[in-house]
Amino acid sequence: MMEETKKTWNEKEPILKIENMSIRFTQYDRGMHQTELPVIRNLDVEVRQGEMVAVVGSSGSGKSLLAHGVMGVLPYNAVMGGTITYCGEELTQKRIEKIRGKEIVLVPQSTVYLNPLMKIGPQIRKGDKGIQARNRLREIFRRYELKEEVEDLYPFELSGGMNRRVLISTAMIESPKLVIADEPTPGLDLKVAKRAMAHFRELADMGAGVLVITHDLELALEVADRIVVFYAGTTVEEAAVEDFEREETLRHPYTKALWRAMPKHGFQFIKGTQPYVKDLPAGCPFAPRCSQRTGACSQEIPWRELRGGSVRCIHAE
Ligand SMILES: Nc1ncnc2c1ncn2[C@@H]1O[C@H](COP(=O)(O)OP(=O)(O)OP(=O)(O)O)[C@@H](O)[C@H]1O
Ligand SMILES: [Mg+2]
């Protein structure tokens, strides 16, 4: 089942490496005037085996596009740039088509991705009626506390939380090496959300690379190993979870602002909103809201290593 993985890949290397990813849309305005929407620019993310990385960003920052870009399911009018390396080899469209749903799985944000007309069991087994697939399904159901009877039910007969566990089970049936979960927790109460996150943590502990995409920093900090902070389509910081224990160990002014906005740090919000792609300033997208802003912030800002993490800010030290 894992035929795609090259033996030459050193397991200490990242299982997934996204370098300088960009995604833009070509749109036609009234008449035939063509505009470009650069939704993602300069995005860098790495995930290692056994590691859970959370990409944290607010709504509209390009999180779903990142997931769809890796999975090779972007809309037709999107153009992607940069490189994606999976197990040491470039992840081309041809290659992702072969391994997606098997070695690399996406747990989509919404349970609308379940087929409403198909019973749960056959849906998760993807039509495989063999004894092995059935046994494996039993095992997964036990793990996710789903009763055997659920196999014979349709999605509408289950609660939202159960359907979410079914979605996760659908991803797990193939023992994936890399799991990408797009906003797996919205609409779930805190207890269920925590349990969903714990399932992903467990997958990482069993050796998979897990990339969780979320707007919920607090939840991410409870389970992830590393946090990648995303602002207006760009990665601004990559930090270990421990770096979030104190504000001083963080690097980017936006990450620090997120830290101060957490309930336990007093809900201190900064003014302004994330700019829409059409109104992006040159250079740092956070500059208009940043107290440390100088003229140099409107130049291109490099992604650089700093104190064991990475940052895209010329003032961070
Ligand atoms: N097909 C498309 N054509 C043009 N623009 C698009 C298209 N799909 C997405 N966008 C734009 O790209 C931006 C990022 O979208 P994306 O869905 O990745 O955000 P997100 O971070 O996942 O948001 P949310 O937290 O709300 O799920 C949005 O501003 C959206 O309007
Ligand atoms: Mg999204």
Side-chain angles (χ1 to χ4, degrees), residues 2 4-21 43-57 63-64 66-67 69-71 82-91 96 99-100 102-107 143 168 171-172 174-185 193-230 235-245 249-252 255 258 303 305-312:
M2 298 295 168
E4 279 297 313
T5 309
K6 281 270 155 67
K7 290 192 181 65
T8 49
W9 172 62
N10 174 352
E11 298 200 345
K12 291 205 182 75
E13 292 290 305
I15 188 163
L16 177 74
K17 190 169 182 178
I18 303 173
E19 288 167 290
N20 207 17
M21 179 196 254
L43 181 133
D44 296 271
V45 180
E46 279 184 22
V47 184
R48 290 163 199 278
Q49 262 194 325
E51 186 185 47
M52 181 170 180
V53 177
V55 172
V56 176
K63 302 186 300 297
S64 292
L66 156 66
V70 176
M71 297 306 287
T83 31
I84 305 176
T85 312
Y86 169 70
C87 290
E89 221 187 296
E90 189 175 348
L91 189 61
I96 184 70
I99 58 180
R100 103 183 136 210
K102 303 184 187 95
E103 274 190 47
I104 305 185
V105 297
L106 173 68
V107 179
R143 177 181 295 275
I168 299 175
M172 293 319 101
E174 302 273 1
S175 313
K177 289 171 74 78
L178 176 66
V179 180
I180 300 179
D182 186 6
E183 289 280 8
T185 58
K194 280 192 178 179
R195 204 183 305 151
M197 282 296 204
H199 289 323
F200 292 114
R201 174 73 256 176
E202 208 177 304
L203 285 171
D205 293 341
M206 291 187 315
V210 178
L211 183 67
V212 173
I213 295 171
T214 179
H215 64 275
D216 195 332
L217 175 61
E218 281 200 279
L219 207 51
L221 286 174
E222 282 185 26
V223 283
D225 299 300
R226 270 186 310 122
I227 307 283
V228 175
V229 182
F230 206 38
T235 35
V236 295
E237 176 160 356
E238 186 243 285
V241 160
E242 302 80 57
D243 294 346
F244 283 80
E245 281 164 21
T249 39
L250 295 172
R251 299 161 189 82
H252 197 280
T255 317
L258 284 180
W303 181 235
E305 288 182 16
L306 180 68
R307 293 186 270 113
S310 300
V311 70
R312 197 186 298 283

Full working for side-chain contact (heavy atoms from CB on, under 4.5 Å) between Trp303 and Asn20: CA-CA 10 Å; Trp303 181 235; Asn20 207 17; over 6 Å; no
Evaluation steps, side-chain contact (heavy atoms from CB on, under 4.5 Å), between Val236 and Val311: CA-CA 6 Å; Val236 295; Val311 70; over 6 Å; no
Candidate pair Val229 and Leu217, rule side-chain contact (heavy atoms from CB on, under 4.5 Å), full reasoning: CA-CA 9 Å; Val229 182; Leu217 175 61; 5.9 Å; no
Check against side-chain contact (heavy atoms from CB on, under 4.5 Å), Lys177 and Ile15: CA-CA 8 Å; Lys177 289 171 74 78; Ile15 188 163; 3.9 Å; yes
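Judged by distance alone, the side chains of Thr85 and Glu90 never bring a donor and an acceptor atom under 3.5 Å apart.
Using a 4.5 Å heavy-atom threshold, the side chains of Met21 and Leu66 count as touching. Arg312 is not listed as a side-chain neighbour of Glu237, based on a closest heavy-atom distance of 4.5 Å or more. Residues Tyr86 and Ile96 fail the side-chain proximity criterion, which asks for heavy atoms closer than 4.5 Å.
Residues satisfying the side chain to side chain contact (heavy atoms under 4.5 Å, CB included) test with Ala204, not counting sequence neighbours, are Met52, Arg201, Val210. With sequence neighbours left out, the side chain to side chain contact (heavy atoms under 4.5 Å, CB included) criterion links Asp216 to Thr214, Glu218, Leu219. Legend: residues meeting side-chain hydrogen bond (donor to acceptor under 3.5 Å, both in side chains) with Glu202, ordered by chain and number and at least two apart, are Arg143. Partners of Thr249 according to the side-chain hydrogen bond (donor to acceptor under 3.5 Å, both in side chains) rule, which considers only residues two or more places apart in sequence or in another chain, do not exist here. Ala198 meets the side chain to side chain contact (heavy atoms under 4.5 Å, CB included) test with no other residue; sequence neighbours excluded. Partners of Val228 according to the side chain to side chain contact (heavy atoms under 4.5 Å, CB included) rule, which considers only residues two or more places apart in sequence or in another chain, are Val45, Val53, Val55, Thr235, Glu238.
Heavy-atom minimum distance, Gly69 versus Ile84: O-CD1, 4.0 Å. Across every non-hydrogen atom of Leu250 and Arg307, the tightest pair is O-NH2, 3.4 Å. When all heavy atoms of Asp44 and Glu19 are compared, the pair lying nearest together is OD1-CA, 3.5 Å. In this structure, Ile180 and Ala67 approach most closely via the heavy-atom pair CG2-CB, 3.9 Å. Looking at every heavy atom in both residues, Ser64 comes nearest to Asp182 through OG-OD2, 2.8 Å. The shortest heavy-atom contact between Met71 and Val105 is CE-C, 4.0 Å.
The pair Glu51-Arg226 meets the salt-bridge criterion, since a charged nitrogen lies less than 4.0 angstrom from a carboxylate oxygen.
Taking CD1 of Ile227 as the start and CG of Asp243 as the end, the distance is 10.0 Å to the nearest 0.5 Å. Interatomic distance, CG of Leu211 versus CZ of Phe200, reported as 11.0 Å (0.5 Å rounding). Distance check, rounded to the nearest 0.5 Å: CD1 of Ile99 to CD1 of Ile104 gives 4.0 Å. Here the straight-line distance linking atom SG of Cys87 with atom NZ of Lys17 works out to 13.5 Å at 0.5 Å rounding.
Judged purely by atom type and a 3.5 angstrom limit, Lys63 uses its side chain to pair as donor or acceptor with the backbone of Gly57. His199 contributes no side-chain N or O that, together with a main-chain N or O of Ile168, makes up a donor-acceptor pair within less than 3.5 Å. Within the 3.5 Å criterion, the main-chain N or O of Pro176 finds no donor-acceptor partner in the side chain of Glu103.
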